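Owing to the predicted nature of the structure, the values given are computational and were not obtained by experimental measurement.
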Amino acid sequence: MAEPPSQLIQKLKENKLFKLSFAVTGIMSTLLIYGVLQEKIMRVPYGPNKEFFKYSLFLVFCNRISTSAVSAAILLGSKKVLDPVAPIYKYCAISVSNILTTTCQYEALKYVSFPVQTLAKCAKMIPVMIWGTAIMQKKYTGKDYLFAILVTIGCSIFILFPAAGDISPYSRGRESTVWGVSLMIGYLGCDGFTSTFQDKLFKGYDMDIHNQIFYTTLCSCMISFTGLILQGNLFLAIDFVSRHNDCFIDIIILSTVATISQFFISYTIRNFGALTFATIMTTRQLVSILLSCVWFAHPLTAEQLIGAVIVFGSIYSKSYFRSKPKPLPSEEAENRAVSPPRNNA
């Protein structure tokens, strides 16, 4: 006798493989769309006059206000705590670094191609290790440092040997590459601080993930809005999207998939841990590079292919051999003293 549909659905929800497939599908689909759209908005001209969208902070503002609204709705709908759990200035610290991270990411696309930027993101394990040592007092093994060096070498090869046809729409030549790489270094440093400080907040406070998302994105909304006013770019950006409806639609979709991806990421980390999430993200970066090369006709040199093999080979090897860095005894004692027991429900 066939099982009722309700029981079949319940079994699927309890199946670990189904959960993992759901997480992988959600992350890959949303972030691939996000990657293609951010490159289209920042590097492809709009309208008959071939105008480029130049207002990175406006994209940050749109993304954050969308995520903030959704996280607030989830908190209110589930009747969870809406009051700040940590001091507001700690949420603001994450917000500032996150805004700098995203702005550097968008600005870099004016000067380097999406494949270069995506591969360079793989090098963020180095700033994460630096910030982890400085903020969390973590210790790393020689194997961790070896993989970090290999990834850096691979990224350097990929960046230093661009194809002749892959040029910036804003400027040409070495100056463009140097400025783009400088922005990517800023991105990596700020992103490393953001994730490390988020981890410290979760360990130090009994904080729901939606609570952190709401207050950090709310702070980001206010900061990015103030920045747009001070730069005088708010009305220029609004004027641009009012004249180019296709750009407006792209930004709406970009903000939507950025918001959805945040919740898929949270779901994945909660159910499968950081190692599985890191492997999924590495695969997503590889697919993003291939999709961008096909969609936007980015040529790859032989040297870039070698660099990509070094980077992804090192990251997958690290995922396979990885042993979790052990905190210092003082940190373990501090976490036991500060962190109350948590419910995973």
[Y] and [X], any side-chain heavy atoms less than 4.5 Å apart:
X: Leu32; Y: Val36; value: no
X: Asn233; Y: Phe58; value: no
X: Leu57; Y: Tyr106; value: no
X: Met184; Y: Gln105; value: no
X: Arg43; Y: Gln38; value: no

* Hydrophobic cluster membership, Val241 vs Ile252, 4.5 Å side-chain cutoff ->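 They do share one cluster, since a chain of ILVMFWY contacts under 4.5 Å joins Val241 to Ile252.
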* Going hydrophobic residue to hydrophobic residue with side-chain gaps under 4.5 angstrom, can you get from Val309 over to Leu146? -> no
* Tyr91 ring center near Tyr89 ring center (under 6.0 Å) ->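 No: the rings miss the under 6.0 Å criterion.
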* Asked: Looking at residues at least two apart in the chain, or sitting in another chain, which of them share a side-chain hydrogen bond (donor to acceptor under 3.5 Å, both in side chains) with Ser97?
  ->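 For Ser97 the side-chain hydrogen bond (donor to acceptor under 3.5 Å, both in side chains) partners, ignoring immediate neighbours, are Thr194.
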Can you name the nearest heavy-atom pair linking [X] to [Y], along with the distance?
X: Ser29; Y: Thr25; result: OG-O, 2.6 Å
X: Phe193; Y: Ala93; result: CE2-O, 4.0 Å
X: Ser71; Y: Ser68; result: OG-O, 3.0 Å

I need the [X] [atom1] to [Y] [atom2] distance, nearest 0.5 Å.
X: Ile33; Y: Met28; atom1: CD1; atom2: CE; result: 11.5 Å
X: Thr216; Y: Ile94; atom1: OG1; atom2: CD1; result: 6.0 Å
X: Met42; Y: Leu37; atom1: CE; atom2: CG; result: 13.0 Å
X: Ile99; Y: Ser220; atom1: CD1; atom2: OG; result: 4.0 Å
X: Leu305; Y: Ile310; atom1: CG; atom2: CD1; result: 11.5 Å
X: Phe197; Y: Lys90; atom1: CZ; atom2: NZ; result: 6.0 Å

* To do: Identify the residue among Asp246, Asp250, Asn245 that makes a side chain to side chain donor-acceptor pair (under 3.5 Å) with Tyr46.
  =>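 Exactly one pass, corresponding to Asp250.
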Quick one about [Y] and [X] (side-chain donor to acceptor, distance below 3.5 Å, no hydrogens or angles considered), yes or no?
X: Ser56; Y: Thr103; result: no
X: Arg64; Y: Ser95; result: no
X: Asn63; Y: Ser255; result: yes

* Would you say Ser242's side chain and Asp239's backbone share a donor-acceptor pair under 3.5 angstrom? ->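 Yes, the answer is positive, given that a donor and an acceptor are paired below the 3.5 Å cut-off.
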* **Aromatic plane relationship, Phe240 with Phe53 - under 30° parallel, 30 to 60° tilted, over 60° perpendicular** =>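 Judged by the thresholds at 30° and 60°, the geometry between Phe53 and Phe240 is perpendicular.
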* Phe22 and Phe264 aromatic ring geometry - parallel, tilted or perpendicular at 30°/60° bounds ->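 Judged by the thresholds at 30° and 60°, the geometry between Phe264 and Phe22 is tilted.
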* To do: Take Thr67 and Thr217, measure what side-chain hydrogen bond (donor to acceptor under 3.5 Å, both in side chains) needs, and give me the verdict at the end.
  => CA-CA 7 Å; Thr67 306; Thr217 53; over 6 Å; no
* To do: Evaluate whether atom OH of Tyr145 has more than 12 neighbouring non-hydrogen atoms of other residues, nucleotides or ligands under 6.0 angstrom away.
  => yes
